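Notes to accompany the following structure.
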Amino acid sequence: MTRRVCDAGEVVRAQVVIIGAGPAGLLLSQLLHLAGIDTIVLERRSRTYVEARVRAGVLEPGTVELLKRAEVSQRMERDALTHDGFRIAFGSGSTRIDLRSLAGAPVTVYGQTEITQDLIAARLSLNGAIVFEAEEVVPLDFSGAKPRVTYRKDGRSHEIACDFIAGCDGSHGVSRACVPAEAISLYEHAVPFGWLGVLSDTPPVGHELIYSRGERGFALCSMRSPARSRTYVQVPVSDSPEQWPDQRFWDELRRRLPKDAAEALITGPSLEKSIAPLRSFVAEPMRFGGLFLAGDAAHIVPPTGAKGLNLAVSDAASLADALIAHYRHGERRPLDTYSESCLKRVWRAVRFSWWFTGLTHRFDEDAFTAKLQLAELEYIAASRAASTMVAENYIGRVK
Ligand code: APR
Ligand code: PHB
């Protein structure tokens, strides 16, 4: 049940209005609540829709710590898998990136879908205000001292007056779109392929993730549990899921995996199938007066490095800390440096995701690139220094 927020025509107040109930918006709301700061979250979609969305699932150690701090880690601590490493396969070669020995920590495998459910449950159990199916959300007057947000719900207009607005509304949201073009710089890099992802109740091919650079293109074997797999193959971005019946998907995946994994592959009906384009995108800065962007609203990375969710969570925590410093101690500096400090981390992740994508995907008709990929993969397999670079970036922390 959602708490009633305001009647039509009435102007209510909140310290922070958060647009978007993805991981960034929900975590921000929860961290601020724990610090005694009140928020209202406005979400365009229904709760059912938000809770069912299938997304990524590899958590850096820093993300796990933040979910613990937010007091939403109970189910994660019970159900998540801990992975000490992962494998990169390429043709006849293969190397294991030992995260624990090279970078000092493992990653945690736990779906973003579950994190979203845990956060929504926590917010609602604390009587947190989340307005689902909020339409025509508009952030207003954020360059002045009195920002406000208007929206419609069930055909009625509402207005919330606030101190700050957090734009956590993903890459197609309204927040970034409301910023005047001359105030924002956009950096973008696209590739002409996407990932076709399949969720299935089949056991994973191994205990750890396998990123595979096949002659026919990239493939990834990931998982959600010992009984549920999440697998991907690189496809042209113009393909649609309908062109990929289950049998075609499994046949293609098998062809792109190393022999042992192909032999271990157990197939089954898909529970979900979708195609995600691969692109890198950064908006700078991430703050415009009283409007702060966080997560996918400010940046997108290709999923190869598993960074999207981790960046969204880091942004939310940085913004929460800056707002807490402001409300508790009257400090302006953390708010002033929010954008700069996030963007350092963002560009590090953009670089890694772009590099890992370039290393493992098939670029059509480009035999020179293919040879360079193999040479670099051989080097990573042979060099502790090179695999340490991969491990440190993968866990998001330098040892
Ligand atoms: N008004 C209100 N809500 C909106 C609007 C709008 N105009 N536009 C979008 N939203 C909502 C979306 O429905 C979604 O629930 O904002 C939310 C944004 O959530 P995410 O897209 O999950 O973004 P974020 O919280 O930044 O998390 C990033 O999600 O896309 C993955 O790979 C990405 O793992 C990363 C994570
Ligand atoms: C996933 O489990 O969905 C997943 C894992 C690793 C990635 C991307 C996605 O790099």
Side-chain angles (χ1 to χ4, degrees), residues 17-29 40-47 49-60 63 81 83 86 88 107-113 115-116 119-120 130-139 149-153 165-178 195 197-199 204 208-211 218-225 228-232 272 274 276-279 281 286 293-316 319 349 352-353 356-357 360 394:
V17 172
I18 298 171
I19 306 177
L26 291 167
L27 180 66
L28 175 63
S29 166
I40 297 175
V41 180
L42 301 176
E43 165 58 49
R44 182 171 58 173
R45 303 285 193 172
S46 68
R47 179 177 178 185
Y49 181 95
V50 170
E51 290 194 332
R53 258 186 321 221
V54 179
R55 295 272 181 82
V58 175
L59 312 185
E60 296 172 357
T63 298
L81 306 171
H83 283 197
F86 66 90
I88 308 176
V107 287
T108 298
V109 173
Y110 188 65
Q112 180 173 326
T113 312
I115 293 177
T116 307
L119 280 163
I120 290 176
I130 308 177
V131 181
F132 289 102
E133 295 173 88
E135 293 163 14
E136 298 171 35
V137 175
V138 187
V149 181
T150 56
Y151 67 100
R152 286 178 71 77
K153 167 86 181 166
I165 302 169
C168 303
D169 46 353
S171 56
H172 304 295
V174 63
S175 303
R176 195 185 67 238
C178 282
W195 279 14
V198 161
L199 188 70
E208 296 181 343
L209 270 61
I210 305 175
Y211 292 82
F218 171 83
L220 168 61
C221 294
S222 181
M223 65 196 74
R224 292 291 175 270
S225 74
R228 179 168 283 194
S229 293
R230 179 67 169 161
T231 36
Y232 300 91
E272 193 265 359
S274 52
L278 263 62
R279 68 185 185 118
F281 171 86
M286 288 169 60
L293 302 181
D296 276 18
H299 41 73
I300 300 287
V301 287
T304 323
K307 292 289 153 219
L309 169 63
N310 293 292
L311 282 180
V313 164
S314 303
D315 287 356
L319 185 50
F352 177 65
S353 309
F356 201 19
T357 304
T360 49
Y394 201 78

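Numbering starts at 1 and runs along the sequence shown. For ligands, and for the atoms within them, numbers begin at 1 and follow the listed sequence. All values derive from a computational prediction rather than experimental measurement.
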Any N or O of Leu309 closer than 3.5 Å to N or O of ligand 1 | yes
What residues sit with at least one heavy atom under 4.0 Å from ligand 2?
-> Ala56, Gly57, Val58, Trp195, Leu209, Tyr211, Leu220, Ser222, Arg224, Arg230, Tyr232, Pro303, Thr304, Ala306
Mind listing the closest non-hydrogen atom pair of Leu28 and Cys168 along with its distance?
-> CD2-SG, 4.2 Å
Ala312 neighbourhood, listing ligand 1 atoms whose heavy-atom distance to it stays under 4.0 Å = 26 (O), 27 (O), 28 (C)
A student checking ligand 1 against Val174 at a 4.0 Å heavy-atom cut-off should list atoms 7 (N)
With atoms numbered from 1 as shown, which atoms in ligand 1 lie under 4.0 angstrom from a non-hydrogen atom of Gly295?
-> 26 (O)
So, does Thr113 use its side chain to make a donor-acceptor pair with the main chain of Arg53 at under 3.5 Å?
-> yes
Which pair of non-hydrogen atoms, one from Ser225 and one from Leu81, has the smallest distance, and what is that distance?
-> CA-CD1, 4.0 Å
Before signing off on this row, confirm whether Pro23 and ligand 1 have an N or O atom pair separated by under 3.5 Å.
-> yes
Pick one of side chain, backbone, both or neither for how Ile19 approaches ligand 1, counting any non-hydrogen atom pair under 4.0 Å.
-> side chain
Nearest-neighbour protein heavy atom for atom 17 (C) of ligand 1, which is reported as residue plus atom name and distance = Glu43 OE1, 3.6 Å
For atom 34 (O) of ligand 1, which candidate among Glu136, Gln112, His299 provides the closest heavy atom?
-> Gln112
Which heavy atom in Lys307 sits nearest to a heavy atom in Val301, and how many Å separate them?
-> CB-CG2, 3.9 Å
Which distance, rounded to the nearest 0.5 Å, do you find between the CZ of Arg47 and the OG1 of Thr116?
-> 11.5 Å
Please round to the nearest 0.5 Å and tell me the distance separating atom CD of Glu133 and atom CZ of Arg44.
-> 12.0 Å
Contact summary for Ala166 and Leu319, nearest pair of heavy atoms | CB-CD2, 4.0 Å
Would you kindly specify which portion of Cys168 sits under 4.0 Å from ligand 1, judged on non-hydrogen atoms: side chain, backbone, both or neither?
-> backbone
Determine, stepwise, if the pair Val17 / Tyr151 fulfils side chain to side chain contact (heavy atoms under 4.5 Å, CB included).
-> CA-CA 12 Å; Val17 172; Tyr151 67 100; over 6 Å; no
Distance filter under 4.0 Å to Arg53 heavy atoms, resulting ligand 1 atoms = 12 (C), 13 (O), 14 (C), 15 (O)
Element-labelled atoms of ligand 1 that are located less than 4.0 Å from some non-hydrogen atom of Gly173 | 8 (N)
Subset of ligand 1 atoms that lie under 4.0 Å from at least one heavy atom of Val137 = 1 (N)
Would one find an N or O of Ala24, backbone or side chain, under 3.5 Å from an N or O of ligand 1?
-> yes
Nearest to atom 3 (N) of ligand 1, what protein heavy atom do you find, and at what distance?
-> Arg44 N, 3.1 Å
Would you check the N or O atoms of Arg45, main chain and side chain alike, for any that come under 3.5 Å of an N or O of ligand 1?
-> no
What do you reckon, does His172 have a nitrogen or oxygen under 3.5 Å from a nitrogen or oxygen of ligand 1?
-> no
Verify salt bridge (Lys or Arg N to Asp or Glu O under 4.0 Å) between Glu272 and Arg230, making sure each step is shown before the conclusion.
-> CA-CA 9 Å; Glu272 193 265 359; Arg230 179 67 169 161; 3.0 Å; yes
Closest non-hydrogen contact found for Gly20 with Val41 is O-CG1, 3.7 Å
Stepwise side chain to side chain contact (heavy atoms under 4.5 Å, CB included) check, Leu309 with Ile115 | CA-CA 10 Å; Leu309 169 63; Ile115 293 177; 3.9 Å; yes
For ligand 1, indicate whether the residue Arg55 contacts it via side chain, backbone, both or neither (heavy-atom separation under 4.0 Å).
-> side chain
Start with the C-alpha gap between Thr304 and Ser353, add the side-chain angles, then the distance that decides, and say whether side chain to side chain contact (heavy atoms under 4.5 Å, CB included) holds.
-> CA-CA 6 Å; Thr304 323; Ser353 309; 5.6 Å; no
Angle class for the Tyr211/Phe218 ring planes (parallel below 30°, perpendicular above 60°, tilted otherwise)?
-> tilted
Excluding sequence neighbours, so at least two apart, what forms salt bridge (charged side-chain N to carboxylate O under 4.0 Å, His left out) with Arg45?
-> none
Nearest non-hydrogen protein atom to atom 33 (C) of ligand 1, with distance, is Asp296 OD2, 3.2 Å
Steps toward side chain to side chain contact (heavy atoms under 4.5 Å, CB included) verdict (Leu220, Thr360) = CA-CA 10 Å; Leu220 168 61; Thr360 49; over 6 Å; no
Do me a favour and list the nearest non-hydrogen protein atom to atom 19 (O) of ligand 1 with residue, atom name and distance?
-> Gly22 CA, 3.4 Å
Look at atom 10 (N) of ligand 1 and find which of Val301, Leu293, Asp169 reaches it with the closest heavy atom.
-> Asp169
Measure from the side-chain N and O atoms of Asn310 to the backbone N and O of Val58, and report whether any donor-acceptor pair falls under 3.5 Å.
-> yes
Looking only at heavy atoms of Glu135, does any of them come nearer than 4.0 Å to an atom of ligand 1?
-> no
For ligand 1, which atoms sit closer than 4.0 Å to a heavy atom of Leu42?
-> 2 (C), 3 (N)
For Pro302 and Leu278, the nearest pair of non-hydrogen atoms, with its separation, is CB-CG, 3.9 Å
